[in-house]
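Each remark here refers to the structure printed beneath this line.
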Amino acid sequence: MNTEKIAWPRSLWAAVTPSGPALTSVQGTLTADVVVIGAGFTGLSTALHLRKAGVDVAVVEAMEPGWGASGSNNGQVIPTLSRVDPDELIRRYGAAGERFAGLIRDSAGLLFDTVREHAIAAEAEQTGWIQPVHTPGRMKIAERRVAQWSRLGAPAELLSAQRMRQLLGSDAWHGGWWNPTGGHINPLALARGLAQVVITNGGRIYARSPALRYAREGGRWVVYTPTGVVSASSLVLATGAYTGEFSRTLAPAVAHEFMPVFSWQMATQPLPQEVRRSVLPGRQAMSDTHGELHFCRYDARHRLVTGGALIAPFDKARRTKAMVAKRIERLFPQIGSVSFDYIWNGYIGMTPDYTPRFHRLGADAYAWAGCNGRGVALALSAGRELAKAVRGVADGELALLPFTQPTPIPLHGILRVFSPLMMLLYRYRDRREVG
């Protein structure tokens, strides 16, 4: 595979973010205590926590740190799952679900604390995350989430329709809730910054070295790349939504247990100060209760970073920009005519029940998949816990859901082709009131 021919997406983040550390590819036979596949948020967090514990770690990355989902998302730091509330986690998984809910509760704080501890220039703004509701009946969702997260000690707060208008500068929503520990970052800058911190702490990262497969040989894990191999006592698979994109033989069971769904992101021209005084004046991150999600946040240059999705596969960039421009003009009429300087996309890993999957792939080998649109905060915290697992911490002391074997989705290839049609179901549900 010639990875030199695979370009960076033309994203806002790629345009404004300084280059990451200079990295070499895997050459020959290398050894480490732990080999991590993937230099996104999970892999880099795992590597950083292992290095802090004095563990020799080598990270193998197909392209460059942050090339995949970690560097191409909207950058919202959200301390919740998308559709599964804490009581449901506890009902399904008992004590493990309660520990995992606690991890989610603290996940945004861990990210921002990491940025501050290591002085990572990630354009981090811990201004909070807001979830407005788009119909009056959906206030029941906000009330339920505030009650459940508050019981777990999260600083969740219910917001009236009037308060929501003040925070967002729009009459489009009917109240909602927020968590002040959330916020937003430049995700590519965070990935590149984490990579530099890993290297500064003695870790190794190998770029342009796609893992083709891994195998258990002679009591060790061996990862094969086009130009060499890495042998280690333990392995962490941290390829997320891009598992299978560079090699179908890497981890097909993991790659087929979630649906990689395209998420389009776009950035407006910088908005003038008089507009910013009313539109998200507190610079929080916002994503609402639509299944066809309405979301936005500012970047450091005062661009509104938002996005959307379409069903039909033709001319998507132009049509998505037109659709989202109309949406933003409707939600925030004081902005006036909206135009976008950048548009890009990346995968989100969606599981059928909107719950992440955690796996023990063999002796001292671990993986997770299925961020379900909440990967920024969750991935860093998951990496910390996977580092603990590698070091021998007992399952009952990990803040993760129970380890399972990967369960591929039946007819995955066919469903992947038709997955954009789910947007029809989301639109139908979005039009209905919650009783």
Does [X] come within less than 4.0 Å of [Y], counting only side-chain N to carboxylate O?
X      : Y      : result
Arg303 : Glu123 : no
Asp395 : Arg360 : yes
Arg327 : Glu292 : yes
Arg151 : Asp87  : yes

So does [X] have more than 12 non-hydrogen atoms from other groups sitting under 6.0 Å from [atom1]?
X      : atom1 : answer
Lys326 : NZ    : no
Glu98  : CD    : no
Arg248 : CZ    : no

Rounding to 0.5 Å, atoms CG (Leu380) and CG (Asp113) come to a distance of 11.0 Å
So CG of Leu194 and OG of Ser45: to nearest 0.5 Å the spacing works out to 7.5 Å
Using side-chain heavy atoms (C-beta onward) and a distance below 4.5 Å, is [X] in contact with [Y]?
X      : Y      : result
Tyr366 : Leu361 : no
Ile185 : Val77  : yes
Gln76  : Val376 : no

Do we see a donor-acceptor contact under 3.5 Å between the side chains of [X] and [Y]?
X      : Y      : answer
Thr80  : Asn179 : no
Gln265 : Ser263 : yes
Ser107 : Arg374 : no

Open item on the list: Are Tyr214 and Tyr224, when compared by the centres of their aromatic rings, separated by less than 6.0 Å?
Closed with: no
Using 30° and 60° as the class boundaries, would you call the ring planes of [X] and [Y] parallel, tilted or perpendicular?
X      : Y      : result
Trp368 : Phe358 : parallel
Trp67  : Tyr242 : perpendicular
Phe262 : Trp264 : tilted
Trp173 : Phe332 : tilted

Provide the closest heavy-atom pair for [X] versus [Y] in the form atom of the first, atom of the second, distance.
X      : Y      : answer
Leu280 : Tyr298 : O-CE1, 3.5 Å
Leu400 : Phe100 : CA-CD1, 4.0 Å
Ser231 : Arg220 : OG-NE, 2.7 Å

query: Passes salt bridge (charged side-chain N to carboxylate O under 4.0 Å, His left out), Arg301 versus Asp341? Steps please.
result: CA-CA 13 Å; Arg301 289 146 295 276; Asp341 287 349; over 6 Å; no
